[in-house]
Number of protein chains: 2
Amino acid sequence: MPQVDEHLIDDDIDTSAWDGVPIRLRAAGLRWTPQRRTLVDVLREHQGHVTATELISRCRERDQTTTPSTVYRTLDVLEEFGLVAHGHGHDGREEYHVLPGETHGHLYCEACGRQWEIRPETGAAIVDALAADLGFEVDLSHVTISGHCQGCHD
Amino acid sequence: MPQVDEHLIDDDIDTSAWDGVPIRLRAAGLRWTPQRRTLVDVLREHQGHVTATELISRCRERDQTTTPSTVYRTLDVLEEFGLVAHGHGHDGREEYHVLPGETHGHLYCEACGRQWEIRPETGAAIVDALAADLGFEVDLSHVTISGHCQGCHD
DNA sequence: TTGGTTGCAAACACTTTGCAGCTGA
DNA sequence: TCAGCTGCAAAGTGTTTGCAACCAA
């Protein structure tokens with residue numbers, strides 16, 4: 001298991017949030033099953049955003065018996081615990097934001113397909129601008145803005 | 001037909017763009033059919049954004065015989081003419097932007113479901129902020145930000 | 001006439017649901 | 001033991017496609 005004290009630029013995410021999941025589930029009268037463990041293992045390495053479909057196939061890589069319905073149902077449970085949040089990505093599929101505690105938005109590059117996080121300050125600027133506009137209260141974690149990244153529009 | 005010289009705050013859209021459609025289609029060797037007329041009639045009154053599903057049912061109101069496949073196919077054609085542009089809305093369905101010439105983004109209220117246009121100045125602020133952030137070039141017409149409108153978060 | 005179009009039906013991809021049987025606590 | 005979970009299969013969305021018949025130009 002890697003040390004957490006590495007100097008990671010944009011990675012102050014509390015990965016250990018997942019460690020408490022078994023306990024939290026049981027405390028709520030729910031169960032910790034192999035299938036849920038598989039999904040959580042996959043989620044651990046997917047900070048940011050993933051489509052349900054991708055999660056399903058990643059789970060399948062680890063455990064052939066993984067079933068879509070189980071994944072969807074488990075994601076619902078994890079969402080109630082605030083560990084993931086779902087929205088819709090640029091391609092219109094269910095997309096899950098992992099550990100949405102840090103509410104940042106995403107930028108999607110239509111050319112290279114990569115995604116980028118909107119920095120907190122920039123996100124705040126957007127939130128403020130829209131609040132001033134129509135008194136709109138933005139849910140930043142649901143924001144995915146598409147366009148072209150620096151490398152692709154030069 | 002309403003006069004165009006009314007003082008409409010955010011409505012300098014050239015609705016007459018639709019008038020040339022039959023001619024443009026024919027000039028391209030395509031046909032002007034009753035079904036296409038129905039769809040264009042529906043689109044005329046839908047500046048902004050609509051889901052494909054909504055367009056289909058609106059068309060059905062006017063002409064019982066409208067078929068989904070025809071609507072989708074016609075939308076493809078209209079997209080090639082730059083009269084609509086498709087993306088994906090907050091709920092993940094195909095969403096069409098009508099007359100995308102005026103590139104503004106949208107705000108979607110998760111509480112009441114209404115949509116609002118982001119004012120040009122505000123949109124420009126967002127574009128600038130993201131350009132400054134990562135050199136990202138935003139395609140504003142594809143932006144739909146969700147949250148709560150003033151009336152719903154008070 | 002004839003090639004673009006249409007409607008139908010079937011195929012698709014993704015997500016949800018019902019239910020009998022299994023299993024973690 | 002026994003609720004919660006799982007897998008399967010079937011149903012449900014919304015979108016796409018193949019094809020024979022149709023019709024605008």
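In the text below, chain A, chain B and the rest are named by the order of the sequence lines, each starting its count at 1. Computed over heavy atoms, backbone and side chain alike; hydrogens, waters and symmetry mates excluded.
Around CZ of B:Arg37, the count of heavy atoms belonging to other residues, nucleotides or ligands within 6.0 Å does not exceed 12.
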Could you give me the CA-CA distance, side-chain angles and deciding distance for A:Trp32 and A:Val40, then say whether side-chain contact (heavy atoms from CB on, under 4.5 Å) is met? CA-CA 11 Å; A:Trp32 181 240; A:Val40 166; 3.9 Å; yes

Could you go through the side-chain contact (heavy atoms from CB on, under 4.5 Å) check for A:Leu25 and A:Val77 one step at a time? CA-CA 9 Å; A:Leu25 285 175; A:Val77 172; 3.8 Å; yes

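Rounded to whole Å, atom C1' of D:dG7 lies 14 Å from atom CD1 of A:Ile56. Per the geometry, CG belonging to B:Leu78 stands 15 Å off C1' belonging to C:dG4, to the nearest Å. For A:Arg73 and D:dG4, the CZ to P distance is 14 Å, given to the nearest whole Å. Rounded to whole Å, the distance from CG on A:Asp76 to P on D:dG4 is 16 Å. Distance B:Leu75 CG to C:dT5 C1': 15 Å, rounded to the nearest Å. Rounded to an integer number of Å, the gap from CD1 of B:Ile23 to P of D:dA24 is 18 Å. When the P atom of C:dT6 is taken as reference, atom CD of B:Gln64 falls 18 Å away, rounded to whole Å. Summarising the geometry, the separation between CZ on A:Arg60 and C1' on C:dC14 is reported as 13 Å, rounded to the nearest angstrom.
Look at A:Asp63 and A:Arg58 and you find no salt bridge, because none of the NZ, NE, NH1 or NH2 atoms lies under 4.0 Å from a carboxylate O.
Residue A:Thr67 has a polar side-chain atom (N or O) positioned under 4.0 Å from OP1 or OP2 of D:dC8. OP1 and OP2 of C:dA13 both lie 4.0 Å or more from every side-chain N or O belonging to A:Thr53.
DNA chain C is contacted by B:Gly29, B:Leu30, B:Arg31, B:Thr33, B:Gln35, B:Arg36 of residues 26-42 of chain B, taking any non-hydrogen atom closer than 4.0 Å.
Not a single donor-acceptor pair under 3.5 Å links the side chain of B:Thr67 to the backbone N or O of B:Thr70. Counting only distance, with no hydrogens or angles, the side chain of B:Arg31 and the backbone of B:Arg26 share no donor-acceptor pair below 3.5 Å.
A side-chain donor-acceptor contact under 3.5 Å links B:Glu79 and B:His86.
Using a 4.0 Å heavy-atom criterion, one finds that B:Ser69 contacts the bases of the nucleic acid, with or without backbone contacts as well.
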